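Below, chain A is the first sequence line, B the second, and so on; all start at residue 1. Predicted model, so just to flag it, every value in this text is computed and none were measured.
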Protein chains: 2
Amino acid sequence: MTQKRSASAEPPPQAEAYLQIGEVAERTGVTQRTLRFYEEKGLLKPPSRLEGGFRLYSEDDVKRVEQIKRLQTLLGFTLADIKEMVEAEEIKTQLHAEYRKDAEISERRAKIAKAIEVTERQVAVVDQKLASLGDMKASLEQKLAKYRGWVAQLDEKAAASSQ
Amino acid sequence: MTQKRSASAEPPPQAEAYLQIGEVAERTGVTQRTLRFYEEKGLLKPPSRLEGGFRLYSEDDVKRVEQIKRLQTLLGFTLADIKEMVEAEEIKTQLHAEYRKDAEISERRAKIAKAIEVTERQVAVVDQKLASLGDMKASLEQKLAKYRGWVAQLDEKAAASSQ
DNA sequence: AATAACCTTGACGTACGGGTTAGATTCTGG
DNA sequence: CCAGAATCTAACCCGTACGTCAAGGTTATT
């Protein structure tokens, strides 16, 4: 019944250096609540657990959290969007999984096609945002030039009146 | 007491072709509720009104709404952020306003400096997003290439086994 | 075995960005 | 002058993305 500390009931075979929720929170900058929330919403796969029930995250989980945050804060996707994206990405895991028994080739094809579709949509979104951001940058710089012109004008007037 | 329709109690002197809330909503693609909400939150200056109380918007108001939407959906700014931005932009109106009586030069300077500061922060944000989006696009395209490679592999296998 | 530090699952609260409904008022076309 | 369309304010409701306790279980240290 009793096991040594740090021995595990569930964690995968590979001793990969697992992290508890607090460490993951600290390293990713999100709260523990957020990590549980993402799990609840299906954005993070349920991590392995220590026998007592403590969550044990892998480095891959950390990377996924960072990716989620980038997609969310930099690109403005909703968690629902992001869920679709990470799900499409799971085909890597699924395809490299044990059922490599060459059967179901058309099934594999379908999954890859789906992943390609989702990825292409993402590229389109990114392209659109890049274009809009480019426009925006140009107009912001125009504005800056205008403001600087105004300052210059004020400088001239000041110089003139102080003469 | 009674006045002809389309005569106005408040609308600015210039007869510029004013729009009621429904038309603005239709043209900008936001709801009437959203327009009132933005006004409530200080994102839109209170528009002029018809004597009965109906809002009358200008073309500038329409442009501002479109800008707000771009900032929000494309760039992911919160309405609070956007409020700060549009406030900084109001200096144009303020500076070109009637009090051109050359007094308060240092005050004008300060306002322009503030606008420049805010604009520069926006440029920095835009640059950061451009960079991140660039990275993201590169990695998405790498992924696509990988997926396409997988499909090619499956094609080969299929061709071989059908021989 | 006691204690601190960490973790667990609820459950409720909150800020944001609006949607919806209701009932009254106003405008416009005939 | 009046019907019907458009607008008004006010109030309440909603989904998203978490924050914040509360009450207890687990792990590491002493």
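- Taking atom CG of residue Leu71(B) and atom P of nucleotide dC16(C), one finds them 18 Å apart after rounding to whole Å.
- Here the options are Arg55(B), Lys83(B), Lys45(B), the test is salt bridge (charged side-chain N to carboxylate O under 4.0 Å, His left out), and the partner is Glu39(B); only Arg55(B) passes.
- One finds a side-chain N or O of Arg49(A) lying less than 4.0 angstrom from the OP1 or OP2 phosphate oxygen of dT9(C).
- Of the side-chain N and O atoms in Gln20(A), one or more sit less than 4.0 angstrom from OP1 or OP2 of dC7(C).
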**Message:** Please evaluate residues Glu89(B) and Lys143(A) with respect to the criterion salt bridge (charged side-chain N to carboxylate O under 4.0 Å, His left out), reporting the C-alpha separation (whole Å), side-chain torsions for both, the decisive distance (0.1 Å), and the verdict.
**Reply:** CA-CA 10 Å; Glu89(B) 206 159 340; Lys143(A) 259 189 0 190; 3.3 Å; yes

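- Of the listed nucleotides (dA6(D), dT8(C), dG18(C)), dG18(C) has the atom at the smallest distance from the side chain of Leu79(B).
- Backbone-only engagement by Arg55(A) is indicated by non-hydrogen atom pairs under 4.0 Å involving sugar-phosphate atoms exclusively.
- Atom CD of Glu40(B) and atom P of dC16(C) are 13 Å apart (whole Å).
- Mapped onto DNA chain D by nearest heavy atom, Phe54(A) and Gln32(A) fall at different nucleotides, with Gln32(A) at the one closer to the 5' end.
- Regarding Phe77(B), its CZ atom lies at a distance of 17 Å from the C1' atom of dG17(C), rounded to whole Å.
- A donor and an acceptor atom, one from each side chain of Ser132(A) and Asp135(A), are nowhere located under 3.5 Å apart.
- Note on Thr31(B): every side-chain N or O is 4.0 Å or more away from OP1 and OP2 of dG18(C).
- Sequence order on DNA chain C of the closest nucleotides to Gly52(A) and Ala80(B) puts Gly52(A) first from the 5' end.
- Residue side chain Arg36(A) does not reach the base of dT9(C) through any donor-acceptor N/O pair under 3.5 Å, judged by distance alone.
- When the nucleotides dA11(D), dC7(C), dC27(C) are ranked by their closest atom to the side chain of Arg33(B), dA11(D) comes out on top.
- Here Thr34(A) reaches the OP1 or OP2 of dG19(D): one of its side-chain N or O atoms lies under 4.0 Å away.
- One atom, CD of Glu23(A), and another, C1' of dA5(C), lie 13 Å apart when rounded to the nearest Å.
- Here the side chain of Phe37(A) is nearest to one of dC18(D), dT8(C), dT7(D), namely dC18(D).
- Remark: P of dC16(C) and CG of Asp81(B) are 11 Å apart, rounded to the nearest angstrom.
- Protein atom CG of Leu35(A) is 14 Å distant from nucleotide atom C1' of dG19(D), rounded to whole Å.
- In this structure, Gln72(B) reaches the dG18(C) phosphate: one of its side-chain N or O atoms is under 4.0 Å from OP1 or OP2.
- Phosphate proximity of dA15(C) to Lys41(B): absent, as no side-chain N or O sits under 4.0 Å from OP1 or OP2.
- Within 4.0 Å of Lys83(A), counting heavy atoms only, lies no atom of the nucleic acid at all.
- A close approach under 4.0 Å does occur between a side-chain nitrogen or oxygen of Tyr38(A) and OP1 or OP2 of dC18(D).
- Cation-pi contact between Lys63(B) and Tyr57(B): absent, since separation from the ring centre below 6.0 Å together with deviation from the ring axis within 45° is not met.
- If you take CD of Glu39(A) and C1' of dT8(C), they are 12 Å apart, rounded to a whole angstrom.
- Classification of Glu141(A) and Arg148(A) as a salt-bridged pair fails, no side-chain N sitting under 4.0 Å from a carboxylate O.
- Cation-pi geometry between Lys69(A) and Phe77(A) is not met at under 6.0 angstrom from the ring centre and within 45 degrees of the axis.
- Comparing dT27(D), dT26(C), dG17(C) against the side chain of Glu51(A) picks out dT27(D) as the nearest.
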